[in-house]
Structure formats: structure tokens, C-alpha cells
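The structure under discussion appears below in the form of C-alpha cells.
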There are 2 protein chains.
Amino acid sequence: MTAKIPRYLIVYNALKKQIEADQYQTGDRLPPEPELEKKYNVSRTTVRKAVELLAGEGFVHIKQGRGTEVLDFKTTQKLQYVTSFSETLRGQGFTVSQRVLSVETVKPPGKISEMLSVSESEMVVKISRLTLANEVPIAVMTNYLFWEMVPDIEEKAPTMQSLYQLLESEYNIFIDSATDYISAANSDRNTAGLLKVEEGTPILVVRRISYRGGEPIEFADLQIIAERYEYSVHTKERPPKELNF
Amino acid sequence: MTAKIPRYLIVYNALKKQIEADQYQTGDRLPPEPELEKKYNVSRTTVRKAVELLAGEGFVHIKQGRGTEVLDFKTTQKLQYVTSFSETLRGQGFTVSQRVLSVETVKPPGKISEMLSVSESEMVVKISRLTLANEVPIAVMTNYLFWEMVPDIEEKAPTMQSLYQLLESEYNIFIDSATDYISAANSDRNTAGLLKVEEGTPILVVRRISYRGGEPIEFADLQIIAERYEYSVHTKERPPKELNF
DNA sequence: AAGTGGTCTAGACCACGAA
DNA sequence: TCGTGGTCTAGACCACTTA
């Protein structure tokens, strides 16, 4: 059985492959839409959907009346998608390992129950981990999950390498969006001890709420050694203009 | 003369207005596409474009075979678009003021010329500002712009309230994407003095490169008092699946 | 004026989810 | 099975950019 692949994705991938293979110089234009229709034997709608996908990812810039310009994808490709902290580190070439410090079922602390909008009577699973990049401590991570969603996670958590991968493979939970709140602090004694740095070392604090279809799934608290990690985010475009009747 | 407004935007705004007016309970479904076609007397393509816009902004969640679910927009509306630091603060209800500390034309420091990919012989304009929220210092901001793009900005900068607004109104430069690199540090003596905090106070460091159509326009360095500001970002969806031929 | 992308239609068939 | 959204077509007209 062969997977059914939409034709717009085929066109999208063909064009993307050409761009990544440097078949266009930066500043060159993609063939106009009528040409792409003929070349791939699809309708205009399909061509446009493919090109709009590329534009959304920063590969090209579409301009009415002018054409579709190919951008320098090497400088434009940033992480604007949901990935876990450990996946990001791996993508940067580090060998990442996790040491699970504790797995407990607890009543949600006030702040957590508020952010996950869960009553304080519903139990949550709290997982604390030390993240090491190339064997060197880089962050202390604490995750809170709904106990009902992840039965038996206490047994699986100690050996996992990525929480998101575990959620996908074992519980069929696919995170599709997340909000990060980023601030900074000086490390307290406890955190500094775990990270093996001096008390007062600058810490990047990331609190993340993950969602699936608009429903909160997980709350995470990361305390990252600022000198060893940089958070990057790419944002694009302003919202569509409002109407003024 | 009346502005020509696309029909999909009319449908989009009508639906958005209904959602914001709480005409749907969280979890309710939007009318199915065929109904929306009749109601607004447009084709299916137009309905879909409107609904996809809403989904992209987190107002609804589209699921094949199930329907289009209305989400709680109050908790979903985050800043995933390009806005300036001062615009964000104003959006949070602060009265924001800027004190321009200096405006100079300089040769780009090595790091800047590298990040903006500009030769060190091309001059850049360096603007340093102190940002105050409700009259209290909150950040020191340094912007670097191509001198050729912003002639006479030395005269205009001292009175501006938002750099992005100045770029748009005076130079017709519209930023459409940006990448932020976020880290943390302890304030040094100079920064601490400007911000009127103790040396060593945690600082959130944001370095931003702004683009227009893939071309770098501006580099910014923000040193923000961590206790007074939280950076938030909403990310969504993973990239389309790759094809494996 | 010519060529590019932007909007829109009417209709078809497919794939997923719930009853 | 039925109703939902997902993909796709062929063709039309509009709006912007450039020459």
C-alpha cells in the first residue's frame, strides 16, 4: 500500500528540493504560476497552495505583479515550530542525555493549577530531570502532566530520552502548539547545586504550556544555564488588516 | 472611493466578531462549510480561506470529519507576530516613554556586521535608548540600521516613540519578519546605572534581526530588567511531513 | 500594454470521524 | 452510513508592477 500524497505537497517538495539544491540564485524568481501548472500538470489552485507553503516557511517571497523571489534559505530557516528543548539541542549537534531526578504524583501547586486551568483536586504527575549536553549539565526541567492522560508514566519516564516522543509513541498525544514565557533569574542554591555552577549564575527561565487542539496538555519549567544555551524564535507577518465599516 | 475588500476577509471578520462577542461557547462548532457558503453567499474556496485564517490565529481548530471547533480566544491570543518591544508594552497597558541616549553614525562592530551581513566599510546608524514603563526604567535598547536606508534619521530619532512606526511612516519600510535570540545575564555596572538597579540584577537579553522580504533591515540589542518584563511567544504546528520516495 | 500574482466560482471526488 | 473537512479542476476577472 502506498501512502496517498496530495499533489500540492508533491509540487511543494519538488520546488523545495530545487531551492535547497541551489538551482536558483538568491534573488532569482520562481517560474510564473502558469508555467508551473503546465510543468507539474496541475491546476492553478494546487500550484498556489504549494508556493504559499514555501512562502510560509520563508523560502520564497511572493509579490503581486512582480513574481515569486527565491530567498536565501540558509539564513531564513529558523525554528518557528514546536519542538522540545532536547530535540532543539540535538539539532544543534549536541549529544543530549537526561537524568530523571524524580517522578511523583502530586496535587498541583497553585500556580500550576491556574496555568493549566485544572482544579486542585485533580492529580498531576511531576517529572524532574537534569538535562546534559555533551555530558555537561545545561538545564533543570520540571514537567507537569495530567495524571489521567498518562497512566503508568512513572514506569516509563525514568528511561525516556524525550518527553514529547514518549507522549507520541506511548500515549498517542501530539502537541500542536505551545506558549513559552521567558524570563531570567539568578540561580538559587538548589538549582546551582544540580547544575554544578556557582550560586547567582544567570539562568534563563522558560515556562511552557503545551496544547493539543487548544486544550492544555502539559506545563514545563526550565531553568537553563544562560551561558550555554540561547533561545531563538522567528516571527513573521502582522495580522490581516482590520475592517473599518 | 470605497476600499475594495476581498470577500474572504469579510467572512473572516464576521466570524471573528461573532467569536469575540462570545456568540459561541468554548467547544461549540462553527457552522459547517456548506452553511457558511449559503449564509454569506460565497463559494466554498472563499469560506475555507476565511476559516483557515481564523485557525492560523488560534481562534478555531479545524478537524476533518469532526468540524471546526471554537477555542477560547482569550487564552489563545498571544503575540506571534512581529511587534516592537514598546508596542508590546503598550498592549499590556503600560504608559511607555523613550529617552534617546545617543544617535551616532558608526562603523559596524564586528558582531553586527556579521549578523546583518554588511561589510565593515558600510556605515550604520546606532541608536541607544532608555525605555520606561509607567515612568520606571525597564530596558536599554540599542538599534543598528543601514545608514543608506534611513537618511536624516539623526534628526527624527530623538522625538520618536516607536522605531518601527517611524520606519513605516517616514521611510516606507515595513518589517515583515524577525528572529529573536534570547539569553540572560547579570547587569554590568554601566547598564545597571542606566536602569537604576543594583549591579548583578538579572537581565533578559534579546537580540533581534528584523527583515523585509528576507533582507535584513535592522539589528537590535535589548537589555531588559527580568523582574519587570516577561517575553512570551506562541508557536504552532510542525512543518509538513517530508516525502520519502 | 503585457505579465505577474490575487480573488472567486461551481462543481467534483476523497478521507476522516461519529453515530 | 452520513456529514464533516481535504483536495482538485477549469475557467474567469481583478490589481499590481514593470516596461
Side-chain angles (χ1 to χ4, degrees), chain A residues 1-15 24 27-56 59-71 172-174 176 212-215 237 240-241 243, chain B residues 1-15 24 27-56 59-71 172 174 176 212-214 237 240-241 243:
Chain A
M1 72 172 221
T2 56
K4 173 63 184 159
I5 295 168
R7 304 176 73 162
Y8 73 85
L9 266 188
I10 293 177
V11 177
Y12 158 84
N13 267 277
L15 293 173
Y24 295 97
D28 277 6
R29 300 213 165 93
L30 233 47
E33 288 168 0
E35 273 187 46
L36 293 175
E37 288 183 56
K38 281 178 222 155
K39 177 164 183 189
Y40 295 100
N41 199 27
V42 294
S43 72
R44 178 126 181 257
T45 315
T46 305
V47 166
R48 283 178 62 74
K49 181 139 187 173
V51 176
E52 277 161 11
L53 266 180
L54 289 171
F59 284 99
V60 300
H61 182 70
I62 308 173
K63 191 90 185 278
Q64 185 180 67
R66 190 154 173 276
T68 301
E69 187 183 348
V70 178
L71 303 177
N172 209 33
I173 295 174
F174 292 82
D176 58 21
R212 176 186 52 180
E215 289 301 309
E237 287 162 31
K241 295 196 179 12
L243 298 182
Chain B
M1 79 174 216
T2 57
K4 171 65 184 159
I5 294 168
R7 304 175 74 159
Y8 73 85
L9 267 189
I10 293 177
V11 177
Y12 157 83
N13 267 278
L15 293 173
Y24 296 97
D28 278 5
R29 302 217 162 87
L30 234 46
E33 290 170 359
E35 274 186 47
L36 293 175
E37 289 183 55
K38 281 178 222 155
K39 178 164 182 189
Y40 294 101
N41 198 28
V42 295
S43 71
R44 182 132 177 253
T45 315
T46 306
V47 165
R48 285 178 61 74
K49 181 139 188 174
V51 176
E52 278 161 11
L53 266 180
L54 289 172
F59 283 99
V60 299
H61 181 69
I62 308 173
K63 192 87 186 278
Q64 187 179 67
R66 190 153 172 276
T68 300
E69 187 183 347
V70 177
L71 304 177
N172 208 32
F174 292 83
D176 57 22
R212 176 185 53 179
E237 288 163 30
K241 297 196 178 13
L243 298 182

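Each chain gets a letter, A, B and so on, in the order the sequences are listed, and its residues count up from 1. Below, each value reflects all heavy atoms present in this structure, side chains not excepted, and no hydrogens, waters or symmetry copies.
- When side chains are defined from C-beta on, V70(B) does not count as touching F59(B), because their heavy atoms never get closer than 4.5 Å.
- Proximity of Y8(B) to the phosphate of dC8(C): no side-chain N or O atom is located under 4.0 Å from OP1 or OP2.
- One can place OH of Y40(A) at 18 Å from C1' of dC8(D), the figure rounded to the nearest angstrom.
- Rounding to the nearest 0.5 angstrom, the gap separating the CG atom in L30(B) from the CG atom in L54(B) is 7.0 Å.
- Per the geometry, NE2 belonging to H61(A) stands 10 Å off P belonging to dG6(C), to the nearest Å.
- In this entry the distance linking NZ of K38(A) with C1' of dT9(D) reads 17 Å, nearest Å.
- Remark: T45(B) pairs with S43(B) by the side chain to side chain contact (heavy atoms under 4.5 Å, CB included) rule, at least two apart or across chains.
- Between the NZ atom in K63(B) and the CZ atom in R29(B) there is a gap of 10.0 Å [rounded to 0.5 Å].
- One atom, NZ of K49(B), and another, P of dG6(D), lie 16 Å apart when rounded to the nearest Å.
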N/O contacts under 3.5 Å, protein versus nucleotides 10-12 of chain D?
residue: dA12(D); atom: N6; partner: R44(A); partner atom: NH1; Å: 3.3

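- Atom CD of E52(A) is separated from atom P of dT7(D) by 13 Å (rounded to the nearest Å).
- At whole-Å resolution of the value, CZ in R29(A) and P in dG5(C) are 10 Å apart.
- To the nearest 0.5 Å, atom CD1 of residue I62(A) and atom CD of residue E69(A) are 11.5 Å apart.
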Collect all protein-nucleotide pairs involving nucleotides 1-3 of chain C in which both atoms are nitrogen or oxygen and the distance is under 3.5 Å.
residue: dG3(C); atom: N2; partner: G65(A); partner atom: O; Å: 3.3

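- With rounding to the nearest 0.5 Å, the separation of CG in D28(B) from OG1 in T68(B) is 12.5 Å.
- Relative to the side chain of I62(A), the nucleotides dT7(C), dC8(C), dG6(C) differ in distance, and dG6(C) lies closest.
- Judged as a salt bridge (Lys or Arg N to Asp or Glu O under 4.0 Å), the pairs with a partner in residues 35-47 of chain A (not counting sequence neighbours) are, in order, E33(A)-R44(A).
- Rounded to a whole Å, the CD1 atom of I5(A) is 15 Å from the C1' atom of dG6(D).
- Side-chain contact between Y40(B) and I10(B): absent, with no pair of heavy atoms (C-beta onward) separated by less than 4.5 Å.
- Put simply, the side chain of L36(A) does not reach to within 4.5 Å of the side chain of V11(A), judged on heavy atoms.
- Rounded to whole Å, the distance from CZ on R7(B) to P on dC13(D) is 15 Å.
- At the phosphate of dT7(D), neither OP1 nor OP2 sits under 4.0 Å from any side-chain N or O atom of T46(A).
- Residue contacts for R48(B): at a heavy-atom cut-off of 4.0 Å it reaches a base atom on one of the strands shown.
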